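Worksheet: one structure, shown below.
Side chains included, hydrogens not; waters and symmetry mates left out as well; all remaining heavy atoms used. Remember, it's a predicted structure, so these values are computed and weren't measured experimentally.
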Amino acid sequence: MIEHWTKPLLTKFKINVDGAIFESENRFGFGFIVRDSAGKLVQAVSGSKIGVVAPEIVEVVGMKEVLSWIKTKKITDVEIETDSLVTVQAINGSVQMPSQFGLLIQDCRSLLSELQDVFISFVKRSANRAVHCIARQSCFMSDCMFDEFSAPSHLLSIVRDDIILS
C-alpha cells in the first residue's frame, strides 16, 4: 500500500479527493486537487453543503463532485485517489443499495460510464495529505478554486513536498 503521494505513472492527471464534517456548523465539505504528470498543481477546489450526514456520504459527495468536474472539463486519462475504501469498493462494485449512499454511488457509476480512461483507487490518508488540508478548510472556503498562483502557501508547500517524495 502506498504511504505517500506519487506522480501518476500511466495517466495525464491525478486527482485526490477528501471530505470533512463540521458538526458544530451543521455542514460538511469536500476538496479535490488536480495535479499533472509532473506533480504540479493544476487546480484545487473546495466546497461545502448544509447538513449533518454520515462520513461515507461526505466522501461519495466529494467523489461525485470530482467526476462532474472531469465531465465538465472534458478531461480524459485521469487517476482519482481517495482514502475512503468503502467509496472505492462501492463504485467499482455492482451491488445496488436502496439508500442515500447507494443513490450517490449510482450517480458516480453513471458519470464514470460517460468518462474516458478514468480510474478510481484507494490510498492511505498519508498519501492524501494535500487534499485533506483543503477538505478541513472547505467549510470556511466554500466554492473556492485555486491554481498554483493563487493557492494558499501551506497547500503549495505540501504539494512541493509530495513532488520531492514521489
Side-chain angles (χ1 to χ4, degrees), residues 1-8 11-73 75 78-88 90-91 100-101 104-105 107-108 111 118 120-166:
M1 180 59 58
I2 294 171
E3 297 287 334
H4 57 82
W5 187 88
T6 57
K7 293 175 191 167
T11 56
K12 284 187 261 183
F13 300 100
K14 181 179 275 190
I15 302 177
N16 292 77
V17 58
D18 199 15
I21 295 174
F22 307 97
E23 277 183 35
S24 57
E25 282 84 12
N26 192 35
R27 298 184 77 83
F28 64 96
F30 61 88
F32 62 89
I33 296 184
V34 184
R35 294 186 247 194
D36 65 15
S37 57
K40 267 184 48 181
L41 177 69
V42 175
Q43 191 161 41
V45 176
S46 69
S48 71
K49 299 180 184 296
I50 295 170
V52 177
V53 296
E56 64 271 15
I57 298 291
V58 176
E59 299 288 351
V60 78
V61 166
M63 184 64 71
K64 185 177 171 184
E65 293 288 337
V66 168
L67 294 168
S68 298
W69 183 88
I70 293 169
K71 183 179 175 182
T72 302
K73 298 285 185 185
I75 296 174
V78 181
E79 186 178 343
I80 303 171
E81 292 181 338
T82 176
D83 58 19
S84 171
L85 184 58
V86 68
T87 301
V88 173
I91 292 171
Q100 184 184 14
F101 180 73
L104 288 163
I105 290 296
D107 291 346
C108 288
L111 282 163
V118 175
I120 299 172
S121 58
F122 169 75
V123 291
K124 288 189 173 181
R125 175 168 284 174
S126 57
N128 228 21
R129 283 185 333 132
V131 75
H132 184 69
C133 162
I134 289 182
R136 295 279 356 126
Q137 297 177 345
S138 61
C139 184
F140 315 104
M141 301 186 329
S142 190
D143 302 320
C144 285
M145 286 191 189
F146 305 106
D147 60 21
E148 64 176 328
F149 304 108
S150 62
S153 58
H154 63 279
L155 174 61
L156 290 173
S157 73
I158 296 172
V159 169
R160 276 193 297 274
D161 289 349
D162 282 348
I163 291 171
I164 293 165
L165 289 170
S166 69

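Shown here for Trp69 and Ile15, the closest heavy-atom pair between the two residues is CZ3-CD1, 4.0 Å. Nearest heavy atom pair, residue Arg136 against residue Phe22, reads O-CE2, 3.3 Å. The two atoms that bring Cys133 and Ile158 nearest to each other are CB-CD1, 4.1 Å, heavy atoms only. Residues Ile134 and Gly31 share a closest heavy-atom pair of CG2-CA, 3.8 Å. A pairwise comparison of heavy atoms in Ala135 and Asp18 identifies CB-O, 3.7 Å as the closest pair. Nearest heavy-atom pair across Ala38 and Lys7 is O-CE, 3.4 Å.
Rounded to the nearest 0.5 angstrom, Glu56 CD and Leu104 CG are separated by 10.5 Å. Atom CD1 of Ile91 is separated from atom OG of Ser121 by 11.5 Å, given to the nearest 0.5 angstrom. Distance check: Ile80 CD1 to Ile120 CD1 gives 4.5 Å after rounding to the nearest 0.5 Å. Here the CZ atom belonging to Phe32 is positioned 13.0 Å from the OG1 atom belonging to Thr82, to the nearest 0.5 angstrom. Atom CD1 in Ile163 sits 7.5 Å away from atom CZ in Arg35 (nearest 0.5 Å). The CG atom of Leu111 sits 11.5 Å away from atom CE of Met63, with the distance rounded to the nearest 0.5 Å.
For residues 36-54, every residue pair satisfying the salt bridge (charged side-chain N to carboxylate O under 4.0 Å, His left out) rule, not counting sequence neighbours, is listed here: Lys40-Glu148, Lys49-Glu65.
The shortest distance between side-chain heavy atoms of Gln100 and Ile57 falls below 4.5 Å.
A donor-acceptor pair is defined here as one N or O able to donate and one able to accept, closer than 3.5 Å; such a pair exists between the side chain of Ser46 and the backbone of Met141.
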